[in-house]
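See below for the structure under consideration.
None of these values were measured; they are calculated from a predicted model.
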Amino acid sequence: MLKKTLQSLGAKLASSTSVIHMKWKSLITANSIRRYSNSNSVKIDISVSTPREKVDCLVIGAGVVGLAVARALALKGREVLVVDSASTFGTATSSRNSEVIHAGIYYPRNSFKARFCVRGREMLYEYCSKHDIPHKQTGKLIVASRSSEISKLNDIMNRGIQNGVDGLRMMDGSEAMRMEPELQCIKAILSPLSGIVDSHSFMLSLVGEAENNKATFSYNSTVIGGHLEGLGAPALAKRFTALQSSGVVPSAYFARGCYFTFSNTKVPPFKHLIYPIPEDGGLGVHVTLDLNGQVKYGPDVEWIDAPDDISSFLNKFDYSVPAKRAERFYPEIRKYYPNQKDGSLEPGYSGIRPKLSGPHQSPIDFVIQGEEIHGVPGLVNLFGIESPGLTSSMAIADYISTRFLR
């Protein structure tokens with residue numbers, strides 16, 4: 001797949017931040033030069049005579065999609081190297097989300113998101129059952145709180161049917177509220193195939209399977225080159241000489257979403273996931289449950305400016321959750337759960353969604369580029385892998401390893 005060259009020698013010490021340079025057919029990682037210095041402050045100087053090592057398949061980014069791709073390639077007998085600038089796997093979007101297994105309802109027919117979500121959900125449930133990954137098929141209610149939302153709810157229902165999602169059922173508010181007595185709505189869609197998963201256990205299992213099939217992981221490695229995946233992919237691609245003027249690298253937008261936990265309850269108010277009608281940039285402030293029964297609300301949508309390119313693919317984003325932001329959550333939650341009390345929410349965590357469309361723009365599908373798009377042999381770019389990326393991860397990996405493996 002990606003027969004690129006791994007530059008591992010030729011380090012030159014410097015007194016400040018490490019600087020990573022590369023030529024297109026070469027790769028340098030921070031880890032590859034540590035044998036030459038006890039300092040984290042290094043500068044790499046490339047020369048023609050630098051010794052080289054070849055790697056068959058290189059995956060940059062150890063998020064859930066990168067891990068799934070690495071596993072799929074390793075299972076096919078390929079030599080795989082996975083590198084990530086963080087200290088371990090899954091530190092960005094993959095560990096800062098709702099941990100929901102999506103059914104495949106929201107996305108345009110025949111889009112990558114629709115196809116990968118439906119297939120990925122089937123693969124994920126099967127994998128979790130086989131490998132004892134904690135998960136639960138909770139089901140989900142998508143609710144209309146006022147009459148003006150009913151047409152949008154009907155559109156969601158029709159889209160889900162077109163995408164081949166089984167078991168969807170439209171119900172009156174009275175039936176939904178009998179199912180969930182704390183709920184307030186006038187109409188709802190029941191999605192029985194939706195669920196939740198312990199994303200860390202899932203990613204840990206992917207790492208284990210990849211390593212058992214001889215994949216190698218290198219963390220704390222800042223890399224420019226190879227296979228792109230995840231939050232910083234557009235910024236990283238722009239640093240490739242071969243892609244800088246190609247026009248194939250999409251613009252990047254970022255939306256921060258905060259989560260709050262319901263602190264004053266021992267018994268969750270809902271048994272199902274509860275989702276409002278989607279909003280600009282997200283699916284609305286929804287109710288999710290973790291496998292310990294804790295109630296989480298979120299995420300909201302806050303469009304943020306991207307940091308500079310280096311900071312972007314090093315994941316240097318602000319993940320703080322201001323307590324006062326809960327004031328924006330209460331009115332949104334009370335649209336479908338009127339008994340939510342003031343002062344009952346505590347800051348949880350936040351995540352950054354990598355997007356290819358900005359505020360008030362129509363959502364854009366996952367973008368997967370091979371040589372036929374950008375003209376670079378052996379390179380596969382993945383852009384805008386936001387929700388439903390977790391659910392879709394194994395289907396994306398199957399697509400990559402099947403279509404682009406040579």
Nearest 0.5 angstrom please: [X] [atom1] to [Y] [atom2], how far?
X      : Y      : atom1 : atom2 : value
Ile105 : Cys117 : CD1   : SG    : 8.5 Å
Ser145 : Tyr336 : OG    : OH    : 8.5 Å
Asp198 : Met203 : CG    : CE    : 8.5 Å
Leu153 : Ile189 : CG    : CD1   : 4.0 Å

Does the Asp398 side chain pair with the main chain of Met394, one donor and one acceptor, at a distance under 3.5 Å?
no

When you measure from the side chain of Ser95 to the backbone N and O of Gly90, does any donor-acceptor pair fall under 3.5 Å?
yes

Closest non-hydrogen atom pair, [X] against [Y]:
X      : Y      : result
Val380 : Leu382 : CG1-CD1, 3.8 Å
Ile186 : Ser147 : CD1-N, 3.2 Å
Leu289 : Pro268 : CD2-CB, 4.2 Å
Asn163 : Val118 : O-CG2, 3.6 Å
Leu206 : Ala68  : CD1-N, 3.9 Å
Tyr259 : Gly298 : CE2-C, 3.7 Å

Of all residues at least two apart in sequence or in a different chain, which pass the side chain to side chain contact (heavy atoms under 4.5 Å, CB included) check with Asp166?
Leu193

NZ/NE/NH1/NH2 to OD/OE distance under 4.0 Å, [X] and [Y]:
X      : Y      : result
Lys152 : Glu149 : no
Glu372 : Arg403 : yes
Glu175 : Arg169 : yes
Asp56  : Arg78  : yes
Arg325 : Glu302 : yes
Glu327 : Lys324 : no

Is there a side-chain contact between [X] and [Y], using heavy atoms and a 4.5 Å cut-off?
X      : Y      : value
Ile333 : Val285 : yes
Ile142 : Ile156 : yes
Phe202 : Glu99  : no
Phe366 : Ile396 : yes
Ile400 : Ile368 : yes
Ser251 : Leu356 : no

Which of these passes salt bridge (Lys or Arg N to Asp or Glu O under 4.0 Å) with Glu386: Arg96, Lys355, Arg353?
Lys355

Between side-chain atoms of residues 126-133 and protein atoms elsewhere (two or more places apart, or another chain), which donor-acceptor pairs fall under 3.5 Å?
unit_1 : atom_1 : unit_2 : atom_2 : d
Tyr127 : OH     : Ser205 : OG     : 2.6
Tyr127 : OH     : Glu209 : OE1    : 3.3
Ser129 : OG     : Tyr125 : O      : 3.0

Here the side-chain hydrogen bond (donor to acceptor under 3.5 Å, both in side chains) pairs for residues 272-288, sequence neighbours left out, are Ser98-His286, Glu180-His272, Tyr275-His286

Parallel, tilted or perpendicular: which one describes the rings of [X] and [Y], with boundaries at 30° and 60°?
X      : Y      : result
Tyr399 : Phe404 : perpendicular
His102 : Tyr106 : perpendicular
Phe270 : Tyr337 : perpendicular

Do Gln369 and Val248 pass the side-chain contact (heavy atoms from CB on, under 4.5 Å) test, and can you show the C-alpha distance, the side-chain angles, and the key distance before you say yes or no?
CA-CA 9 Å; Gln369 299 176 345; Val248 300; 3.8 Å; yes

Only one of Val295, Leu273, Leu183, Leu141 clears side-chain contact (heavy atoms from CB on, under 4.5 Å) with Val287; which?
Val295

Is it the case that atom CZ in Arg328 sees more than 12 heavy atoms from other parts of the structure closer than 6.0 Å?
no

Mark yes when over 12 heavy atoms from residues, nucleotides or ligands other than Lys76 sit less than 6.0 Å from its NZ; otherwise mark no.
yes

Decide yes or no on side-chain contact (heavy atoms from CB on, under 4.5 Å) for Ser221 and Asp84, but give the supporting numbers first.
CA-CA 5 Å; Ser221 297; Asp84 197 293; over 6 Å; no

I want to know whether Phe217 and Phe89 have ring centres closer than 6.0 Å.
no

Walk me through whether Ser387 and Asn97 qualify under side-chain contact (heavy atoms from CB on, under 4.5 Å).
CA-CA 9 Å; Ser387 181; Asn97 57 70; over 6 Å; no

Start with the C-alpha gap between Leu73 and Val59, add the side-chain angles, then the distance that decides, and say whether side-chain contact (heavy atoms from CB on, under 4.5 Å) holds.
CA-CA 10 Å; Leu73 295 173; Val59 178; 4.3 Å; yes

Taking atom types as modelled, find out whether Tyr297 and Gln340 have a side-chain donor-acceptor pair closer than 3.5 angstrom.
yes

